Amino acid sequence: MIKIISDSSADLPVNLLEKYDITLVPLTVTIEGQDYLEKVDLSPEEFFAKMFSSEVLPKTSQPSPASFADAFSLFGTDTEILCFTISSGLSGTYQSACIGKDLSGAKVTVFDTLAGSLGHGLQIIRAAELAQQGQTVDEIVADLMEYRENMNILVLLNTLENIVKGGRLSKFQGSLAKLLNIKVLLERVEGGKVEIFEKIRGKKKFQKRVLDVIQERGTDFSTTIFGITHTGNEEEVEALKQELTERFHPKDIIVNYMGATMGTYAGKDGMIISF
């Protein structure tokens, strides 16, 4: 038997977590000195409400090795555990899970998704489906390594306010970007890190450019699952989903709220598209 465990940053909808019996190990979110366990003490909707009303940027902390060890230890020796973590290029969660594996003594394979949000989540779904087909952990990991390599992740920043709050951009630069209506498109790069891909002036040009970039990344999307996460801008996401459906005819599009880890930097009306 293969059991899938993940940290809470995968941003999978509840129905899919239940469908594939996925156990989450929560990250800790700190807002104005108060700690919350992500998706346990604090829903994504509650997180964004608190974040948007705060002058201080929230902080997220990886689960402790003990938290992973506790989750691993719940299963017997006849269970093989496949544990997925957010990119090691963005967080220390992968290392924490590896230490938790050693502490637990359980049969665990820890897989670094080199992704965040639904880029992480789509890999979990793929693994769960392969496990249901009877593939072994080694076979699943081999498949995932190729899937991970070919995955595209685009981060759409409608505002740079949170980047300014986090100290990665000066207030002057942030104000100038707002004045000039500059939007920023980032992408996942080697090592699972995120870097600026393009800066685009104007919302309509930005939206068009995003669709053009997706078109440049492939010709046939009939077997592709798109994942879109957002920070509360549901109407805009629904319009994007419709556009993706009509233009690319993908296999499926999964939409969900972004979690605290990526949402902290995405800011108001931010989106992440994974495919």
Side-chain angles (χ1 to χ4, degrees), residues 1-29 35-44 60-149 151 192 225 227 252 254 256 259-261 274:
M1 176 185 169
I2 297 174
K3 169 67 181 177
I4 294 178
I5 293 176
S6 171
D7 68 68
S8 60
S9 70
D11 297 342
L12 285 168
V14 172
N15 66 307
L16 292 178
L17 293 173
E18 292 175 347
K19 178 180 179 180
Y20 297 113
D21 187 30
I22 296 159
T23 296
L24 297 182
V25 180
L27 280 82
T28 299
V29 185
D35 291 343
Y36 305 89
L37 292 177
E38 184 182 28
K39 294 166 187 168
V40 177
D41 304 325
L42 190 70
S43 70
T60 55
S61 305
Q62 67 214 39
S64 67
S67 296
F68 278 111
D70 288 345
F72 298 155
S73 298
L74 292 174
F75 303 93
T77 53
D78 59 335
T79 300
E80 289 188 86
I81 297 170
L82 188 49
C83 176
F84 291 83
T85 71
I86 186 174
S87 171
S88 58
L90 300 172
S91 166
T93 302
Y94 172 75
Q95 187 62 36
S96 190
C98 289
I99 297 170
K101 166 189 172 179
D102 294 338
L103 291 173
S104 71
K107 195 170 184 180
V108 183
T109 299
V110 183
F111 189 78
D112 182 353
T113 65
L114 296 178
S117 199
L118 272 175
H120 175 174
L122 291 177
Q123 294 180 56
I124 293 173
I125 293 172
R126 189 174 183 92
E129 290 178 344
L130 292 173
Q132 286 185 348
Q133 293 167 19
Q135 292 203 21
T136 66
V137 168
D138 287 344
E139 289 170 336
I140 293 169
V141 168
D143 179 278
L144 286 175
M145 288 178 74
E146 182 178 355
Y147 183 56
R148 178 182 69 183
E149 180 70 22
M151 178 172 281
I225 300 175
D252 196 10
I254 300 168
N256 199 22
T261 306
S274 307

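As the structure is a prediction and not an experimental result, all values here were calculated from the model.
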Compare all side-chain heavy atoms of [X] with those of [Y] and state whether any distance is below 4.5 angstrom.
{"X": "Ile125", "Y": "Tyr20", "answer": "yes"}
{"X": "Thr261", "Y": "Ser91", "answer": "no"}
{"X": "Ser88", "Y": "Leu114", "answer": "yes"}

Qualifying residues under side chain to side chain contact (heavy atoms under 4.5 Å, CB included), relative to [X], sequence neighbours excluded:
{"X": "Gln135", "answer": "Leu130, Gln133, Glu139, Ile140"}
{"X": "Asp102", "answer": "none"}
{"X": "Asp41", "answer": "Tyr36, Leu37"}
{"X": "Leu74", "answer": "none"}

Between the side chains of [X] and [Y], is a donor N or O closer than 3.5 angstrom to an acceptor N or O?
{"X": "Tyr94", "Y": "Gln62", "answer": "no"}
{"X": "Thr136", "Y": "Asp138", "answer": "no"}
{"X": "Asp11", "Y": "Ser117", "answer": "yes"}
{"X": "Ser8", "Y": "Glu38", "answer": "yes"}

Listed by chain and number, what are the side-chain hydrogen bond (donor to acceptor under 3.5 Å, both in side chains) partners of [X], not counting sequence neighbours?
{"X": "Asn256", "value": "none"}
{"X": "Thr113", "value": "none"}
{"X": "Thr60", "value": "none"}
{"X": "Ser67", "value": "Ser64"}

Can you name the closest pair of heavy atoms from [X] and [Y] and give their distance?
{"X": "Lys101", "Y": "Ser104", "value": "O-OG, 2.9 Å"}
{"X": "Leu118", "Y": "Ser274", "value": "C-OG, 3.9 Å"}
{"X": "Gly121", "Y": "Leu12", "value": "O-CD2, 3.7 Å"}
{"X": "Leu144", "Y": "Ala127", "value": "CD1-CB, 3.9 Å"}
{"X": "Ala66", "Y": "Leu103", "value": "N-CD1, 4.4 Å"}
{"X": "Gly192", "Y": "Leu90", "value": "O-CG, 3.5 Å"}

Legend entry - Set of salt bridge (charged side-chain N to carboxylate O under 4.0 Å, His left out) partners for Asp21, sequence neighbours left out: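 With sequence neighbours excluded, Asp21 shows a salt bridge (charged side-chain N to carboxylate O under 4.0 Å, His left out) to Lys3, given in chain and number order.
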
Inset, instruction - Could you list the residues that satisfy salt bridge (charged side-chain N to carboxylate O under 4.0 Å, His left out) with Asp143, not counting sequence neighbours? - result: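 For Asp143 the salt bridge (charged side-chain N to carboxylate O under 4.0 Å, His left out) partners, ignoring immediate neighbours, are Arg126.
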
Legend entry - Backbone of Gly119 reached by a side-chain donor or acceptor of Gln123 within 3.5 Å: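 Yes.
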
Inset, instruction - May I ask you to decide if Val25's main-chain N or O and Asp7's side chain share a donor-acceptor pair within less than 3.5 Å? - result: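 Side chain of Asp7 to backbone of Val25, a donor-acceptor pair under 3.5 Å: no, none is there.
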
Inset, instruction - Any chance you could lay out the side-chain contact (heavy atoms from CB on, under 4.5 Å) test for Leu27 and Ser9, step after step, and finish with the verdict? - result: CA-CA 7 Å; Leu27 280 82; Ser9 70; 4.3 Å; yes

Inset, instruction - Report the distance from atom CD of Glu129 to atom CD1 of Ile124, rounding to the nearest 0.5 Å. - result: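 One finds 12.5 Å between CD of Glu129 and CD1 of Ile124.
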
Legend entry - Neighbour count above 12 (heavy atom, 6.0 Å) for Gln132 CD: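 Yes, enclosed.
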
Inset, instruction - For side-chain contact (heavy atoms from CB on, under 4.5 Å), just list the numbers for Met1 and Phe75, CA-CA rounded to whole Å, side-chain angles, deciding distance to a tenth of an Å, and then say yes or no. - result: CA-CA 10 Å; Met1 176 185 169; Phe75 303 93; 5.6 Å; no

Legend entry - Full working for side-chain contact (heavy atoms from CB on, under 4.5 Å) between Ile4 and Thr23: CA-CA 7 Å; Ile4 294 178; Thr23 296; over 6 Å; no

Tell me which donor-acceptor pairs under 3.5 Å the side chains of residues 77-86 have, and how far apart each pair is, sequence neighbours excluded?
none

Legend entry - Summary of ring pair (Phe, Tyr, Trp, His ring centres under 6.0 Å) pairs that have at least one residue in residues 114-137, sequence neighbours excluded: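 Listed once each, the pairs would be none.
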
